[in-house]
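Working notes, beginning with the structure itself.
For reference, positions follow the sequence shown, starting with 1. Please read all numbers here as calculations on a predicted model, not as lab measurements. One-based numbering, in listed order, for ligands and for the atoms of each.
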Amino acid sequence: MPELPEVETIRLGLQKYLVGHKIQDVDVRLKRIISGETKNITGAIIISVERFGKGLVINLDNGYSLAIHVKMTGQLIYRGVNAPKIIHLSTSKVGEDVPNKWTHVIFSLDSPRGEAGKSSTLFYNDLRQFGWIKILKTEDVQSLPFFKGLGPEPFKDLTPEVFESIIKAGNILIKVLLLDQKRIGGVGNIYANDALFNAGIDPRRKTKSLRDSEIKKLYSALLGVLKKGLETGGASELRFVNVLGEDGGYQKHFRIYGRGGKPCLICKTEVKKMFLGGRGTYFCEKCQR
Ligand SMILES: [Zn+2]
């Protein structure tokens, strides 16, 4: 599932290309993806795009917003006047063109600078169809269960002190804690695996067993891998692409995620794979203690 770096990559693209556009029409091809009244957003101008954990919020000038979660395979793809001329479309993840059979909602947009005859479009594609779009009043966004329960976020409220207190508050597996959106917002499986590897901590450790020095190391490692994810435009796993439909690059920098059976990047020992909390967990028995 797209995590903080991937969803932030989507947000940056939406912010860059959508702001200023007016929503002219909404074509809903699969009803269960979207809830709320589309008439409340038609005619409204997009003013900003925010991210909370793995969730996105597109704010409009009429007091309404679109809350979006792409879940496993959702894609938001922009085509129009603000897009660059050359796009390196990921045909393996998007298909040959948009719209296609995975396109479930189409937002028709006006031309922000009034170019005659030039239309723009935002497509919502979703292969597995677990994603959602909710139309609601901007003031109600924060009371959606998803947004309400989010833990503090890396690069925002998650200071080293807050991180330490979250770790020390219970006694569960450290890997499971990192993935719990109610404890920390935005971290998912890829970056949790890589952060634990970079910090030299065995994902099977209980949180109470972590020394203060290890907690500090893990904090820096977590921010480090998330930063690398952001810089490389996210990891193109499953169907993740940016808003132009292009691949990210973090998959070329995986530290241990997805490397089961391959040699550890540090000591060459075979990387082990197991499931913790139902999620694929990769670790090196020699480098992670
Ligand atoms: Zn190793």
Side-chain angles (χ1 to χ4, degrees), residues 1-9 54 72 151-155 158-181 183-238 240 247-289:
M1 185 192 286
E3 310 176 28
L4 187 156
E6 289 75 37
V7 182
E8 180 64 11
T9 298
K54 302 175 188 174
M72 300 286 284
E153 249 194 61
F155 307 116
L158 190 73
T159 62
E161 295 74 29
V162 171
F163 185 68
E164 188 178 338
S165 68
I166 291 168
I167 301 259
K168 289 184 170 174
N171 194 24
I172 61 169
L173 300 179
I174 182 59
K175 168 90 187 309
V176 172
L177 179 140
L178 292 177
L179 296 183
D180 182 353
Q181 298 303 296
R183 288 183 162 97
I184 300 171
V187 179
N189 202 31
I190 293 174
Y191 298 94
N193 272 294
D194 279 5
L196 285 163
F197 176 75
N198 283 357
I201 295 169
D202 189 318
R204 299 168 294 181
R205 295 261 304 272
K206 288 278 196 74
T207 47
K208 280 262 191 289
S209 77
L210 295 182
R211 294 186 299 275
D212 287 357
S213 60
E214 290 177 313
I215 295 172
K216 281 196 178 72
K217 242 185 182 171
L218 181 57
Y219 180 80
S220 321
L222 183 63
L223 263 60
V225 293
L226 291 170
K227 192 161 167 272
K228 185 78 181 171
L230 283 166
E231 284 168 2
T232 52
S236 276
E237 279 252 306
L238 297 169
F240 170 74
D247 281 324
Y250 185 73
Q251 66 279 7
K252 295 175 196 144
H253 302 273
F254 284 157
R255 298 290 292 149
I256 197 144
Y257 175 80
R259 294 185 54 81
K262 291 183 182 162
C264 165
L265 291 177
I266 296 170
C267 74
K268 309 289 182 231
T269 302
E270 190 179 303
V271 172
K272 292 264 186 303
K273 184 187 180 184
M274 66 178 297
F275 286 89
L276 285 181
R279 307 300 304 277
T281 301
Y282 305 87
F283 59 102
C284 171
E285 285 181 314
K286 204 170 163 196
C287 296
Q288 293 173 266
R289 301 287 173 132

Practice prompt. Check salt bridge (charged side-chain N to carboxylate O under 4.0 Å, His left out) between K216 and all other residues, then give those that pass, not counting sequence neighbours.
Written response: none
Worksheet entry | Number of protein N/O/S atoms that sit closer than 2.8 Å to the Zn ion (ligand 1) | 4
Fill in: Check: L158 and I166 side chains under 4.5 Å, non-hydrogen atoms
yes
Worksheet entry | K168 bridged to D212 by N-O distance under 4.0 Å | yes
Worksheet item: Under the side-chain hydrogen bond (donor to acceptor under 3.5 Å, both in side chains) test, which residues partner N189, sequence neighbours left out?
Response: K175, N193
Fill in: Qualifying residues under side-chain hydrogen bond (donor to acceptor under 3.5 Å, both in side chains), relative to S209, sequence neighbours excluded
R205
Worksheet, complete the sentence: To the nearest 0.5 Å, atom OH of Y282 lies from atom CZ of F197 at 14.5 Å
